[in-house]
There are 2 protein chains.
Amino acid sequence: MDERKKQVLRAVINDYVATAEPVGSRTIANKYNLGVSPATIRNEMSDLEELGYIKQPHTSAGRIPSDKGYRYYVDNLIETETVSKAEDDLISQLFIHSGSQMDAFFQYACRVLSKLTNHAAIMVKPHITTAPLKKISLMPLEPKRYLLIMITEDDAVYHRPLELDEPLQKKDLQYMEAILQSTLAGQNMEHFNFTALKEIANNMLFYKGLFLEAMELIGSVKGKQDDSQVLVNGTLNILNQPEFKDLEKVRYVLEVLETDNFLRQLLLPKASPGTMVYIGEELTNESMNCCSIISASYSINGQTVGSIGVLGPTRMDYPRIIGLVERISKEMSGLLSHY
Amino acid sequence: MDERKKQVLRAVINDYVATAEPVGSRTIANKYNLGVSPATIRNEMSDLEELGYIKQPHTSAGRIPSDKGYRYYVDNLIETETVSKAEDDLISQLFIHSGSQMDAFFQYACRVLSKLTNHAAIMVKPHITTAPLKKISLMPLEPKRYLLIMITEDDAVYHRPLELDEPLQKKDLQYMEAILQSTLAGQNMEHFNFTALKEIANNMLFYKGLFLEAMELIGSVKGKQDDSQVLVNGTLNILNQPEFKDLEKVRYVLEVLETDNFLRQLLLPKASPGTMVYIGEELTNESMNCCSIISASYSINGQTVGSIGVLGPTRMDYPRIIGLVERISKEMSGLLSHY
DNA sequence: TGTTAGCACTCTCTTTTAATGAGTGCTAAC
DNA sequence: GTTAGCACTCATTAAAAGAGAGTGCTAACA
């Protein structure tokens, strides 16, 4: 790969990204003045094709980049674009706009990214926090009805109403609270060991249901951990891409987006720390091999907790989008850590 | 409209719904033995066209139903189909499957409807309950930090952490709780009058912040009322419909589905009590005039709170889908009222 | 008077054929 | 090593021809 080959490859990709049309030697000679004639460029392109970086849709068409070509381009030929002032401001503003609502925050981030890139944006939200339990309380609602409240160290509140067979005496209430508090406080709901609680429940004559409810509540929190935590925004941008004028392709890609397992697997922060670029076949999903995904993880106080990304056709403006994704992930990390 | 005209109209619609192809006189004569020749049917069809119930895409094509035709069909020619045993079981089972999680419940209902109809399903969720406040409590977390908890008559729990300048004495805590309880209990958060609370806050020397936080919490609940509460499921089914082989149409419809204002307006239970069928232009949205929406409202203890519906092409299996939508809305009403 | 067979006519859809043109690969000259 | 020239390939577009489905109308029939 001498310097001129690199220039030609870069030219092919730039032009193809902009036009979505196979790029011919004449076009390159005209637009990107490399100081050589089309014929020379033809020779270089022939070499590049032999190397697998570009390919022809058919004889007598221009060249388009292969996945391998994009990969080389991303790894060696580009520099991440810095986000423009205007866009940078927009990002900051919109984050402010989401207020202190957590849910809204993630949705805004996703929406902003999708708007700025004109592609589908994907957000893998952090798992529910699993800080250890701090406080357990029983709040009387009506004679036989109580609200069981559990609060973790980081002030997340979980609650569940429960119904007893007979009312708790005031001192019984305090006693129960004390038992629950001593059994549960300091424990982590994610890795909760039910045996101790089960044992206590079995030794109880009355109020056994109370402990069972507590277990239910913990169980439901545990269950939520595995819940889908993927947001997708701007799916419709896919329809704007010329590579998706074929309805079948659209259907496949939208199907993958709707059943978010694939995305979650791929973008789980463990699988994709930092900035990742998946190009075409690297997504190892047949129906997605005309797509690329660019993602960046974000963190809370240095700990990676989720990631945000962009899904578009392999023919993507990589320098720009990598810049945007990284910028937004940084902004998110900053705000989340502060909050 | 004599009996035979009705039969012909029914035949045209049945066949068109099944095949998505314009229906010719010969087809009807063969498939639906009305005991007359194609020529006679041609005459009837000519009349039906004059009446505006069917139309020709072009000369020398068969007929397709017009919106007016579908309307007549729905109003006069069909009986709602009763849901088959298997499907009925499925509906009950899947509702059980959603457990006691409210959110999951609505999502399941939506998913089931979409799966059974092979169309997009729409759910307008109930507004957040606005039952009057029953219980207000302050729970100590750390010396200066407290959790403000408000519970309504129907056991919805709202909470907010708050930080005070100095710790509350135990009797102060009880005193505060008592004030809050007496000021707020019985009131409705939706129509909350802030003046009383404001006055108390102003008269306080310490702990003023506490009341301000309480107002914040009520305000945020109030704010949530207006939030989008529309679920959509099975959007992709639209791509299966032959009328949407045109990408432009797909884009328009998906756009409407993504910006759910239109749907919310239309399906707000006030606008659409009971079962509603909107056909084509009745949707009064140009990009939707090839679509129909069938919806049914559901209720809690007799009070209509939301609705669920199906969006598909005007060429829809009305008897079946009306049956399914009504069945599911009834199931929802039953379960919600029970719960 | 209502029904039906027959037939010419219309219009879409498909296939065929031809024309266009962008782009390559190769050869030979510089 | 670079470049001009040229024959060749192949997708795309346009035009033309053919097939087929379905109608509307007319005239005959019960």
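For clarity, every value in this text was computed on a predicted model and none was experimentally measured. Below, all heavy atoms of this structure are taken into account, side chains as well, without hydrogens, waters or symmetry copies.
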Using the salt bridge (Lys or Arg N to Asp or Glu O under 4.0 Å) criterion, which residues pair with Arg26(A)? Sequence neighbours excluded.
none
Where do Asn261(B) and Thr259(B) land on the side-chain hydrogen bond (donor to acceptor under 3.5 Å, both in side chains) test, with the steps shown first?
CA-CA 6 Å; Asn261(B) 264 332; Thr259(B) 62; over 6 Å; no
Report yes if the side chains of Pro38(A) and Arg42(A) come closer than 4.5 Å at any heavy-atom pair, otherwise no.
yes
With a 4.0 Å cut-off, would you call [X] and [Y] a salt bridge?
| X | Y | answer |
| --- | --- | --- |
| Lys5(B) | Asp2(B) | yes |
| Arg327(B) | Glu87(B) | no |
| Arg71(B) | Asp75(B) | yes |
| Lys249(B) | Glu243(B) | no |
| Arg4(B) | Glu44(B) | yes |

Of all the base pairs, Watson-Crick or G-U under 3.5 Å, which form stems of three or more consecutive pairs involving DNA chain C?
C:1-30 with D:1-30
When every nucleotide of nucleotides 21-27 of chain D is labelled 5' to 3' by its protein contacts under 4.0 Å (heavy atoms), B for base, S for sugar-phosphate only, - for none, what sequence of letters results?
BBBBB--
Given DNA chain C, 5'-ward residue of the pair His58(B) and Val36(B), judged by closest heavy atom
Val36(B)
Euclidean distance, atom [atom1] of residue [X] to atom [atom2] of [N] [Å, nearest integer]:
| X | N | atom1 | atom2 | value |
| --- | --- | --- | --- | --- |
| Ile41(A) | dA4(D) | CD1 | P | 12 Å |
| Asp15(A) | dG23(C) | CG | P | 10 Å |
| Ile64(B) | dT12(C) | CD1 | P | 14 Å |

